2 protein chains.
Amino acid sequence: MKSYHQTCTAAKALDVLGDRWTLLILRELIMQSPCRYTDLANGLPGIASNLLSDRLRALEHAGLIKREAAPPPVAATLFHLTEKGAATEPILAELAVWGTRYAFEVDPEDEFREHWFPFAASVLLRDRDPGAPPVIVQLVTPVGSSTITADSNGVHPRMGTAESSDLTIGGAPPVILRFLSGVITLATAQAEGMTLDGDPAVLDRFQVTTTP
Amino acid sequence: MKSYHQTCTAAKALDVLGDRWTLLILRELIMQSPCRYTDLANGLPGIASNLLSDRLRALEHAGLIKREAAPPPVAATLFHLTEKGAATEPILAELAVWGTRYAFEVDPEDEFREHWFPFAASVLLRDRDPGAPPVIVQLVTPVGSSTITADSNGVHPRMGTAESSDLTIGGAPPVILRFLSGVITLATAQAEGMTLDGDPAVLDRFQVTTTP
DNA sequence: CAGCATCCGCTTTGATACTG
DNA sequence: CAGTATCAAAGCGGATGCTG
């Protein structure tokens with residue numbers, strides 16, 4: 001990307017992150033790091049192969065990712081985030097919060113990947129008390145199950161079910177997202193089919209933004 | 001911008017905000033709204049006139065800004081943020097935080113506008129106790145003075161000096177930014193020429209991120 | 001198959017000039 | 001002041017080909 005050539009910290013960030021696809025590549029790495037080129041391509045439907053290649057090179061040069069040859073028998077290049085790259089998560093979190101509240105329309109033509117939903121859900125949850133005992137929230141939707149863990153290392157999503165959980169949230173992804181982002185109330189969400197199983201007080205652990 | 005066509009809230013946000021210049025236009029409006037076309041052009045050195053025109057039309061169509069004819073004797077079009085547009089501030093804040101920590105290099109060739117510095121400083125300050133009495137922080141730098149007010153309406157910057165302030169921070173913009181973002185400690189910042197005048201406890205009011 | 005590189009048609013951008 | 005008009009250059013998306 002051409003630099004904006006402005007002595008402004010937001011503009012400097014966009015000099016690195018502002019290219020088309022770049023932030024979505026970081027979204028994939030936040031969920032999947034470390035992973036292979038093909039895993040990234042699968043999580044980024046629509047990207048041209050040369051562009052993915054170009055962006056990965058630029059991100060490596062800028063110090064946000066590193067590539068390493070996986071040991072045999074895997075024998076593939078693994079891409080993973082550096083600290084600098086992992087630190088972009090709050091940016092993606094705020095994009096997801098804004099997108100949920102102001103730009104989320106479900107188009108049946110759009111592509112969908114199962115791991116995008118727990119990503120969106122996890123960035124909406126801010127742990128109010130990271131020192132408290134860890135909690136596990138299970139998400140169960142028609143498209144699959146995922147688990148969100150909140151402990152001293154932060155709030156992190158994982159695909160699949162957990163052996164045990166403190167709270168299980170069921171329902172359609174759009175309803176759960178709109179509830180977690182504060183667009184709709186708990187009562188409205190439940191009226192739209194969202195279910196809670198377990199200890200509802202777990203929700204108080206998180207800073208669920210209220211509608212302004 | 002071409003849509004990514006992904007059922008992902010971050011991708012949906014980027015469908016609206018991901019075009020080149022768009023987020024920087026919102027930065028200007030966060031600082032200057034309402035303002036005129038020419039004010040925006042002045043705050044965005046390097047933008048082509050046709051691009052600014054295109055982006056403003058797109059932002060208006062997406063509902064992030066509105067344009068209104070100013071009453072005489074001003075007789076100019078005024079652009080101002082809607083709630084949807086103002087809600088992008090946390091995204092710019094996280095970009096500025098990341099940029100300060102990981103991508104802030106001062107290039108003497110870069111353009112500079114006086115209002116960019118209080119913008120960057122204000123987004124680094126998160127009020128821990130919005131219910132507490134308002135505080136006023138004055139920034140005094142070689143390029144000008146600005147004031148940051150924290151009250152129940154949030155943390156907001158303003159150009160110029162205030163009649164009174166609870167704390168005055170002096171020094172070079174890069175040093176102040178690196179201190180407020182937690183890249184350097186208070187002691188280091190003071191060794192690099194940053195000065196505090198007034199009640200240093202005001203700093204505790206804000207969540208100044210510590211270096212990881 | 002993983003990880004690109006090349007080519008090509010199309011769109012977007014940037015720089016400048018011009019207008020009501 | 002608030003934009004249009006024009007045009008060259010760069011970037012993007014899609015297809016294909018190459019190499020270990």
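Basis for what follows: all heavy atoms, side chains included, without hydrogens, waters or symmetry-related copies. Every chain is numbered from 1, with letters handed out A, B, ... down the list of sequences. Since this is a predicted model, take the numbers as computed values, not measurements.
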Participant: Would you say the base of D:dT6 and the side-chain of B:N50 have a donor-acceptor pair closer than 3.5 Å?
Facilitator: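 Looking at the base of D:dT6, it does pair with a donor or acceptor on the side chain of B:N50 (distance under 3.5 Å).
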Participant: What is the distance from CD1 of A:I47 to P of D:dA15, rounded to the nearest Å?
Facilitator: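 One finds 15 Å between P of D:dA15 and CD1 of A:I47, rounded.
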Participant: Classify the side-chain pair A:R27/B:Q6 by whether it contains a donor and acceptor separated by less than 3.5 Å.
Facilitator: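 A donor-acceptor contact under 3.5 Å links the two side chains.
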Participant: Is B:T38 touching bases, backbone alone, or none of the nucleic acid, heavy atoms closer than 4.0 Å?
Facilitator: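 Sugar-phosphate, backbone atoms only, no base.
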Participant: Of the options C:dG3, C:dA15, C:dA5, whose atoms approach the side-chain atoms of A:S53 most closely?
Facilitator: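 Selected nucleotide: C:dA5.
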Participant: Is B:S49 side chain donor-acceptor paired with the C:dT16 base, going by distance under 3.5 Å alone?
Facilitator: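 Side chain to base: no pair below 3.5 Å.
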Participant: Strictly by modelled atom types, are A:H5 and B:E109 linked by a side-chain donor-acceptor pair under 3.5 Å?
Facilitator: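 Not at all, the side chains of A:H5 and B:E109 share no donor-acceptor pair under 3.5 Å.
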Participant: When you measure from the side chain of A:R57, which nucleotide among D:dG14, C:dT13, C:dA5 comes out closest?
Facilitator: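 Closest nucleotide among those given: C:dA5.
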Participant: Pick the nucleotide of DNA chain D nearest each of A:D19 and B:L78; which residue has the one closer to the 5' end?
Facilitator: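 By nearest-heavy-atom nucleotide position, the 5'-most residue is B:L78.
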Participant: Between atom CG in B:D54 and atom P in C:dT13, what is the gap in whole Å?
Facilitator: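 To the nearest whole Å, that distance equals 8 Å.
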Participant: Enumerate the ring pair (Phe, Tyr, Trp, His ring centres under 6.0 Å) contacts for residues 17-49 of chain A, please, sequence neighbours excluded, ordered by first and then second residue.
Facilitator: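 Sorted result for residues 17-49 of chain A: A:W21-B:Y4.
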Participant: Ignoring the backbone of B:R20, work out which of C:dG3, D:dT4, C:dT13 is nearest its side chain.
Facilitator: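 The listed nucleotide nearest to B:R20's side chain is C:dT13.
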Participant: On DNA chain C, compare the nucleotides closest to B:L51 and A:R67; which residue's is nearer the 5' end?
Facilitator: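 The residue whose closest nucleotide sits nearer the 5' end is A:R67.
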Participant: Would you classify B:A76 as touching base, sugar-phosphate or nothing, given that sugar-phosphate means primed atoms plus P, OP1 and OP2, and contacts are heavy atoms under 4.0 Å?
Facilitator: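 Sugar-phosphate: the residue B:A76, judged by heavy atoms under 4.0 Å, touches backbone atoms but no base.
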Participant: OP1 or OP2 of C:dT13 less than 4.0 angstrom from a side-chain nitrogen or oxygen of B:R55, does that happen here?
Facilitator: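 B:R55 to C:dT13 OP1/OP2: side-chain N or O found under 4.0 Å.
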Participant: Enumerate donor-acceptor pairs with a distance under 3.5 Å from any side-chain N or O in residues 168-177 of chain B to protein atoms, sequence neighbours excluded.
Facilitator:
| from | atom 1 | to | atom 2 | distance (Å) |
| --- | --- | --- | --- | --- |
| B:T168 | OG1 | B:S165 | OG | 3.2 |

Participant: When you check the phosphate oxygens OP1 and OP2 of D:dG13, does a side-chain N or O of A:W21 lie under 4.0 Å from one of them?
Facilitator: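 For A:W21, the contact criterion (side-chain N or O under 4.0 Å from OP1 or OP2 of D:dG13) is met.
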Participant: When you check the gap from the basic side-chain N to the acidic O, do A:K12 and B:D110 get nearer than 4.0 Å?
Facilitator: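 So A:K12 pairs with B:D110 through a salt bridge.
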Participant: Separation of B:L52 atom CG from D:dG3 atom P, in whole Å?
Facilitator: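 Going from B:L52 (CG) to D:dG3 (P), I get 8 Å.
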